[in-house]
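Here is the structure we will look at.
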Amino acid sequence: MSILNNPPQDPRQEAANAPDVHPLIAARLEKMAELGSEVPLYPYAYRRTHTSDELKEQEEALAAAAAVVCFPGRIMAKRGTGKTLFIPVQDEWGSVQAYFRKDDLGEERFRRIQKLIDIGDWIGVEGTLFRTRTGELTIKVSDFTFLAKAIRPLPEKYHDLSLENKSRRRYLDLAMNQESRERFKRRSAILRAIRDYFDERDFLEVETPVLQPLYGGATARPFTTHHNALDMTLYLRIADELYLKRLIVGGLERVYEIAKDFRNEGMDRTHNPEFTMLECYAAYWDYHDMMELTEGLVRNLAVRFGQEGRLKYGDHELDFNAPFRRITFMGALAEAVGRDLMAMTTAEVAELAKAKGVELKPGMGRDKILDELFSMLIEPDLIQPTFVMDHPRELSPLAKAHREHEGLVERFELFVAGFELANSFSELNDPREQRRRFMDQKALLEAGDDEAQRLDEDFLQAMEHGMPPTGGMGMGVDRLVMLLVDTVNIRDVLLFPHMRPEDAPGSGA
RNA sequence: GGGCCGCUAGCUCAUCAGGUAGAGCAUCUCCCUUUUAAGGAGAGGGUGGCUGGUUCGAGUCCAGCGCGGCCUACCA
């Protein structure tokens with residue numbers, strides 16, 4: 001790759017000087033040399049008159065007027081006979097074929113074009129529109145320009161890239177697969193729709209720190225980094241909750257953030273170390289208000305991106321039109337096991353869990369065991385959108401105690417297709433109670449639960465200044481997108497999913 | 001983390017039971033003035049993921065490591 005670091009004037013000499021240049025690249029450097037320095041291969045700009053979509057839409061008028069169009073894109077194939085050349089030129093939206101003809105371009109020029117342009121090159125073609133006898137929309141080329149010469153070949157066109165290369169070299173996946181481009185454009189449209197939804201409801205979009213001196217707002221292990229000038233440890237945020245609530249304290253009454261969060265944990269087809277989380281908070285709201293907001297958001301997206309509010313997801317047909325089902329955490333558990341778990345002691349709950357196959361770990365409190373039971377017995381069956389309400393207290397140190405039921409908090413989770421899509425509570429706003437909850441977490445931490453939440457003194461101070469009643473909600477955006485594009489793999493909705501380095505130390509490469 | 005499968009040309013994949021490798025696309029040369037997975041004739045291209053072992057001989061068998069995929073357990 002030394003050839004790219006310090007390009008000499010003559011590509012031919014360059015290839016000769018670097019004997020380890022791959023022959024396929026050397027061949028292209030040779031062509032660049034033959035094109036000569038008077039042909040600019042990397043010009044500064046190009047005036048496009050039409051995209052491929054626009055050419056298709058406006059074909060009739062453009063053809064009738066014999067208008068000369070300027071169309072830029074990437075060469076995806078070369079076909080032709082000895083005196084003609086057909087080249088599909090692809091832009092972001094699709095592809096239009098360019099037709100080079102010896103009679104139009106002259107013997108010498110045609111020959112150079114035929115020989116020296118490559119699949120993968122970016123070019124701009126100028127000419128008039130017509131249909132070939134097989135009916136394909138085509139630009140009859142009167143002139144053309146190099147926009148960028150490629151020196152590395154594109155992958156082959158018949159077979160899909162391997163799954164690994166699709167993720168690892170997304171630029172090739174995007175270049176070769178229209179569906180892939182469409183999928184990521186849809187993600188962008190979903191994000192825009194989310195912002196529209198909140199903006200229409202007078203929520204303010206804000207940005208809070210990624211680098212935090214103390215991590216909080218969720219139960220997870222963080223990534224750690226170091227600030228040199230301050231000589232201090234900083235953490236990449238695992239959530240933005242505690243900062244958004246500080247804004248509520250400050251008097252910003254409705255805020256939301258679409259935040260990249262980072263969690264230092266395992267990765268699989270539903271977990272990437274960095275992921276996108278939507279969080280929103282509204283003063284004077286409780287979790288019932290948040291449930292309405294959440295249901296509205298999800299239905300809105302399903303209507304917009306599905307078929308009449310229904311989504312095909314794998315084998316499931318998900319229906320977001322009817323009011324979402326609502327069940328309570330303890331009620332669903334009681335129904336599943338045939339007993340009221342509220343009345344049971346910790347030891348009894350542990351015994352029951354063990355009998356159901358839950359793996360008990362030291363330091364697991366009663367509520368943690370209940371949570372495990374719930375994940376195992378209930379969650380997989382929550383296919384149609386379902387709100388699970390009123391969780392045990394210990395699992396939710398930032399949620400307000402339930403106004404009617406002792407030992408529970410006002411919280412809901414939204415499940416769809418068996419996974420958790422959103423999490424919300426009536427936010428705890430009593431500073432003394434919040435401090436006690438943090439102390440409980442500290443006890444858990446000392447008992448061996450390394451995911452227990454840390455006490456955030458500054459956050460408590462903020463709350464001591466007075467935080468109004470507040471409803472909050474968090475939603476995993478990547479999972480939401482997965483639902484809306486019908487994929488089970490988070491990599492399909494992340495442009496650059498985390499991958500181990502190909503040439504990891506120890507591979508001997 | 002555990003189990004199973006994979007890693008061979010730039011790309012996608014073959015090579016049934018150990019005898020130093022093939023195809024298609026891409027590349028190069030030649031023919032072909034509406035082709036479209038264009039076609040025809042020819043050519044080049046490989047430290048078979050890495051390290052070690054068994055064997056007269058290893059892409060092939062064994063071990064370790066790396067990377068990937070599927071299943072499984074957990075954090076969104």
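These numbers come from a predicted model, not from an experiment. Just so it is clear, the values below take in all heavy atoms, side chains as well, and ignore hydrogens, waters and symmetry mates. Convention: sequence-line order gives letters A, B, ...; per-chain numbering from 1.
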Next item on the list: Go through the structure and list residues passing side chain to side chain contact (heavy atoms under 4.5 Å, CB included) with Arg74(A), not counting sequence neighbours.
Entry: Met76(A), Trp122(A), Leu154(A), Ala175(A)
Next item on the list: Starting at atom CG of Leu373(A), determine the distance to atom P of C74(B), rounded to an integer number of angstrom.
Entry: 12 Å
Notebook entry, point to check: With both distances under 3.5 angstrom, what nucleotide forms a Watson-Crick or G-U wobble pair with A38(B)?
Noted result: none
Next item on the list: Give me the residues of residues 388-395 of chain A where at least one heavy atom lies under 4.0 Å from an atom of RNA chain B, by number, or none.
Entry: none
Next item on the list: Compare side-chain N and O positions of Thr81(A) against OP1 and OP2 of U35(B) and report whether any pair is under 4.0 Å apart.
Entry: no
Next item on the list: Have a look at Asn272(A) and say if it touches a base, only the backbone sugar-phosphate, or nothing, with a 4.0 Å heavy-atom cut-off.
Entry: base
Margin query: Under 4.0 Å, heavy atoms only, any strand: does Glu265(A) hit a base, just the sugar-phosphate, or nothing?
Written below: base
Notebook entry, point to check: Does OP1 or OP2 of C11(B) have a side-chain N or O of Arg152(A) closer than 4.0 Å?
Noted result: no
Checklist line | Beyond-backbone contact of Glu394(A) with Arg366(A), side-chain heavy atoms, under 4.5 angstrom | finding: no
Margin query: With hydrogens left out and only the distance checked, is there a donor-acceptor pair under 3.5 Å joining Gln97(A)'s side chain and the base of U35(B)?
Written below: yes
Margin query: Side-chain N or O of Lys115(A) versus OP1/OP2 of U27(B): is the shortest distance under 4.0 Å?
Written below: no
Notebook entry, point to check: Within the pair Arg133(A) and U35(B), is there a side-chain N or O less than 4.0 Å away from OP1 or OP2?
Noted result: yes
Note to self: Using only modelled atom types and a 3.5 angstrom limit, is any donor from either the side chain of Glu156(A) or the base of G10(B) paired with an acceptor on the other?
What the structure shows: no
Notebook entry, point to check: Ignoring hydrogens and angles, are the base of C75(B) and the side chain of Asp268(A) linked by a donor-acceptor pair under 3.5 Å?
Noted result: yes
Checklist line | Non-hydrogen side-chain atoms of Glu379(A) and Glu420(A) separated by less than 4.5 Å | finding: no
Notebook entry, point to check: Is there a Watson-Crick or G-U wobble partner for G18(B) with both distances under 3.5 Å, and which nucleotide is it?
Noted result: none
Check: Which part of the nucleic acid, if any, lies within reach of Arg28(A) when heavy atoms closer than 4.0 Å are counted: base, sugar-phosphate only, or nothing?
Finding: nothing
Notebook entry, point to check: Residues two or more places apart in sequence or in another chain: which of them pass ring-ring contact (aromatic ring centres under 6.0 Å, His included) with Phe146(A)?
Noted result: Phe144(A)
Note to self: What contact category does Gly476(A) fall into here, base, sugar-phosphate, or nothing, at under 4.0 angstrom with non-hydrogen atoms?
What the structure shows: nothing
Notebook entry, point to check: Ser375(A) near the nucleic acid: base, sugar-phosphate alone, or nothing, with a heavy-atom cut-off under 4.0 Å?
Noted result: nothing
Item checked: A26(B) phosphate, OP1 or OP2, under 4.0 Å from Lys78(A) side-chain N/O -> no
Item checked: Base-pairing mate for C4(B) - Watson-Crick or G-U, with both contacts under 3.5 Å -> G69(B)
Notebook entry, point to check: What nucleic acid atoms does Phe419(A) come within less than 4.0 Å of, heavy atoms only: base, sugar-phosphate, or nothing?
Noted result: nothing
Notebook entry, point to check: Which heavy atom of Tyr287(A) sits nearest a heavy atom of Ser426(A), and at what distance?
Noted result: N-OG, 3.0 Å
Notebook entry, point to check: Using purine N1 to pyrimidine N3 plus N6-O4 or O6-N4 for Watson-Crick, or N1-O2 and O6-N3 for G-U wobble, both under 3.5 Å, which nucleotide pairs with A76(B)?
Noted result: none
Checklist line | Identified pairing partner of A23(B), criterion: Watson-Crick or G-U wobble below 3.5 Å | finding: U12(B)
Next item on the list: For Lys102(A) and for Asn165(A), find the nucleotide of RNA chain B with the closest heavy atom, then tell me which residue's nucleotide is more 5'.
Entry: Asn165(A)
Notebook entry, point to check: Should Leu278(A) and Leu297(A) count as side-chain neighbours, where that means a heavy-atom distance under 4.5 Å?
Noted result: yes
Notebook entry, point to check: Hey, what's the ring geometry for Phe415(A) with Phe374(A), parallel, tilted or perpendicular (30° and 60° as the breaks)?
Noted result: tilted
Note to self: On the nucleotide G68(B), are OP1 or OP2 found under 4.0 Å from the side-chain N or O atoms that Arg500(A) carries?
What the structure shows: yes
Notebook entry, point to check: With sugar-phosphate meaning primed atoms plus P, OP1 and OP2, does Arg221(A) contact a base, only sugar-phosphate, or nothing at under 4.0 Å between heavy atoms?
Noted result: nothing
Checklist line | Shortest non-hydrogen contact from Phe203(A) toward Cys280(A) | finding: CE2-CB, 4.1 Å
Next item on the list: Test Arg131(A) against every option in Glu59(A), Glu60(A), Glu136(A) by the salt bridge (charged side-chain N to carboxylate O under 4.0 Å, His left out) rule and name the one that passes.
Entry: Glu59(A)
Note to self: Would Phe86(A) count as stacking on A38(B) if stacking means ring centres less than 5.5 angstrom apart and planes tilted under 30 degrees?
What the structure shows: no
Notebook entry, point to check: Roughly how far apart, to the nearest Å, are C13(B) and G2(B) at atom C1'?
Noted result: 30 Å
Notebook entry, point to check: Just checking Glu420(A): base, sugar-phosphate only, or nothing, at a heavy-atom cut-off of under 4.0 Å?
Noted result: sugar-phosphate
Notebook entry, point to check: Arg79(A) side chain N/O closer than 4.0 Å to the phosphate oxygens (OP1, OP2) of U35(B)?
Noted result: no
Notebook entry, point to check: Do any side-chain nitrogens or oxygens of Lys157(A) fall under 4.0 Å of OP1 or OP2 in C11(B)?
Noted result: no
Item checked: Pairwise 5' ranking along RNA chain B for Gly80(A) and His159(A), keeping only the more 5' one -> His159(A)
Item checked: Any-strand Watson-Crick or G-U partner of U51(B), both distances under 3.5 Å -> A63(B)
